[in-house]
Participant: 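Dropping the structure in here first, questions after.
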Amino acid sequence: MLDPKYLRGDIQQTAEKLKRRGFELDVNSFIELEEKRKSLQVRTQELQNERNVRSKSIGKAKASGEDIQPLLAEVGKLGDELDSAKAELSVLLDEITALSQSIPNLPDDSVPQGEDEAGNLEISRWGTPREFNFEIKDHVDLGANLSKGVDFDAGAKLAGSRFVVMRGQVARLNRAIAQFMLDLHTEEHGYEETNVPLLVNQESMTGTGQFPKFEGDSFHTKPATEEGQGLSLIPTSEVPLTNIARDEIYSIKDLPLKMTAFSPCFRSEAGSHGRDTRGLIRLHQFEKVELVQLVEPTTSFDALEELTGHAEKVLQLLELPYRKMLLCTGDMGFGACKTYDLEVWLPAQDTYREISSCSNMLDFQARRMQARYRGAHGDKPELLHTLNGSGLAVGRTLVAILENNQQADGSVTVPEVLWPYMGGLEKIG
RNA sequence: GGAGAGGUGGGUGAGUGGCUGAAACCAGUUCCCUGCUAAGGAACCGUACGUUUAUUCGUACCGAGGGUUCGAAUCCCUCCCUCUCCGCCA
């Protein structure tokens, strides 16, 4: 959620910034709503004040044994007026909240203008794509030939399309990747290993910005609108990790808070029918090691560089060529103010594909969650800044290793840093 | 899942209809005193929104949401959570 002052004071300028990312803010109707809210709120409070004052005088009159009947009659009329004012106000507030929650974050000035991924800016490249002197296979064929290590038929039978069964050395390699990443981030990069619920409530989904706008992208145990509040399967552990800070006030001494978690992620992939239908790239269930930082506002852009670097380190140690992209205004996520994507080289697709996305959300999520910190002395609590990034997507890392490290005979070499996690195995297949 | 007990400010914990935005204690901040990093004393010490701005004042919030009432932390209902016992179970 944006700072209300952006929607009151210089709303026109805010609308311009939102336009950069293709969001049309209805300025006039918002101003109208705000003005109505203001006058209605003042009137409601005045009525309440009057009621409170008179009720108190009734109490005193009663205590001193006076006749309170005339007073009662007088206050009686106030009630109805107050009730209707209250009701009107609450409708209005709901409307404003709904509108506010549907507005995306403002893009940072450093973010390039663009409509879609074509507008993203390449920042840097690392590594050189390998030259193959044989006909290369993609990870689906490679995996299938590794003793059915990657089995989409079984996945489809069990759950449907976009699900997979992994076996044997491939399944182990998948686990090794996740273990390696967790160890790296906890031992080298200062993140606390965290194990989180995979099902979360609506407050959590709202806190990080998935709800109410993107309900269709997640799986729910019950319709989220139904009475009794269904839980949602997390689309990323960013949701539980970040929501740990919801309604908390941290001491500045505890910042920055750096957490990492390995978790399955569940996405309904609504609206992506026909995209990446082959292989492990886009599944309903995948695994990811997530990095989350909660920081003081002044340090969040530095933290974004640092966090992105932590994700890059994984790729470097795995010796996978990648490039770093600065997302343009049109390609950024709803709550992000600035996002770097890391794209790994996939030889079979002859292109770079997203394997990590690292974002600074500023106070956008913190405001929704009321996640705050208190500076020195008895300062007022202030909203902290939240960041998150994949470090990395495990399935896509597996894809990258399979494809980049394939040999002519269909075997795959294991990156050296993973040997300890593979029981010393240097090659699979 | 069943039975019982609870959810109050950073913490402990009073408060069963008006004088309670909330006692007391602890922690914290500031000041005073004291010749030592001790002891003592005083004041301050929730959040949000609105209003005003030398200074204010108002409203809401005692797990959440409804209800009763002129008036609710206090009474009623629903839900959530915690604890104890039982059941079940990885």
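Naming convention: chains lettered A, B, ... in sequence-line order (proteins, then strands); numbering from 1 in each chain. When reading the values below, keep in mind they use all heavy atoms of this one structure, side chains included, and skip hydrogens, waters and symmetry mates.
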Participant: Just name whichever nucleotide pairs with B:rU84, Watson-Crick or G-U, keeping both distances under 3.5 Å, else none.
Facilitator: B:rA3
Participant: Can you check the A:Arg54 CZ to B:rC70 C1' distance for me, whole Å?
Facilitator: 11 Å
Participant: Can you check the A:Tyr373 OH to B:rU47 P distance for me, whole Å?
Facilitator: 15 Å
Participant: When you compare B:rA72 with B:rG21, how far apart are their P atoms, in angstrom units rounded to a whole number?
Facilitator: 11 Å
Participant: Strictly by Watson-Crick or wobble contacts shorter than 3.5 Å, is anything paired with B:rA22, and which nucleotide is it?
Facilitator: none
Participant: Aromatic contact between A:Phe364 and A:Phe334, with the criterion being ring centroids under 6.0 Å apart: yes or no?
Facilitator: yes
Participant: Please tell me which of the listed nucleotides, B:rC70, B:rA60, B:rC49, lies nearest to the side chain of A:Gln41?
Facilitator: B:rC49
Participant: Below 3.5 Å, does any donor atom in the side chain of A:Gln45 face an acceptor in the base of B:rG58, or the other way round?
Facilitator: yes
Participant: Who does B:rU47 pair with, Watson-Crick or G-U, both distances under 3.5 Å?
Facilitator: B:rA60
Participant: Look through every strand shown and name the nucleotide pairing with B:rU74 as Watson-Crick or G-U wobble, where both distances are under 3.5 Å.
Facilitator: none
Participant: In whole Å, measure the gap between the C1' atoms of B:rU51 and B:rA42 for me.
Facilitator: 33 Å
Participant: Using only side-chain N and O atoms of A:Asn52, determine if any of them is under 4.0 Å from OP1 or OP2 of B:rG18.
Facilitator: no
Participant: How do A:Val42 and A:Ile58 order along RNA chain B: which one's closest nucleotide is nearer the 5' end?
Facilitator: A:Val42
Participant: What integer number of Å spans the P atoms of B:rU53 and B:rC75?
Facilitator: 43 Å
Participant: Using atom C1' in both nucleotides, what's the gap between B:rG66 and B:rA54 to the nearest angstrom?
Facilitator: 45 Å
Participant: Distance check, C1' atoms only: B:rU74 and B:rA22, in whole angstrom units.
Facilitator: 12 Å
Participant: Go through B:rG50, B:rA48, B:rC70 for me and flag the one nearest to the A:Arg372 side chain.
Facilitator: B:rA48
Participant: Looking only at atom P, what distance separates B:rC85 and B:rC79, rounded to whole Å?
Facilitator: 25 Å
Participant: Nearest whole angstrom, please: distance from the P of B:rA64 to the CG of A:Asp247.
Facilitator: 11 Å
Participant: Write down the distance between CZ (A:Arg367) and C1' (B:rU47), rounded to a whole number of angstrom.
Facilitator: 16 Å
Participant: Check this one for me: any side-chain N or O of A:Arg37 less than 4.0 Å away from OP1 or OP2 of B:rG50?
Facilitator: yes
Participant: Please determine if a side-chain N or O atom of A:Asn49 lies less than 4.0 Å away from the OP1 or OP2 oxygen of B:rG58.
Facilitator: no
Participant: State whether A:Glu290 and A:Lys288 are salt-bridged, where the test is any N-O pair (Lys NZ or Arg NE/NH1/NH2 against Asp/Glu carboxylate O) under 4.0 Å.
Facilitator: yes
Participant: Give none if B:rG9 has no partner; otherwise give the nucleotide forming a Watson-Crick or G-U wobble pair with it, both distances under 3.5 Å.
Facilitator: none
Participant: What interatomic distance, in whole Å, is found between P of B:rG58 and the corresponding atom of B:rU20?
Facilitator: 15 Å
Participant: Going by atom types only, do A:Gln13 and A:Tyr6 share a side-chain donor-acceptor pair under 3.5 Å?
Facilitator: no
Participant: Under a 3.5 Å limit for both distances, which nucleotide forms a Watson-Crick or G-U wobble pair with B:rA42, could you say?
Facilitator: B:rU30
Participant: Is A:Arg51 close enough to B:rA60 that one of its side-chain N or O atoms is under 4.0 Å from OP1 or OP2 there?
Facilitator: yes
Participant: Using the C1' atom on both, measure B:rG13 against B:rA23 and round to a whole Å.
Facilitator: 10 Å
Participant: Expressed in angstrom and rounded to an integer, what is the separation of A:Glu50 atom CD from B:rG71 atom P?
Facilitator: 14 Å
Participant: Distance only, no hydrogens: is a donor on one side chain within 3.5 Å (strictly under) of an acceptor on the other, for A:Thr260 and A:His185?
Facilitator: no
Participant: Any donor-acceptor pair under 3.5 Å linking the side-chain atoms of A:Tyr322 with those of A:Glu312?
Facilitator: yes
Participant: Are any side-chain N or O atoms of A:Ser356 and backbone N or O atoms of A:Leu342, one a donor and one an acceptor, separated by less than 3.5 Å?
Facilitator: no
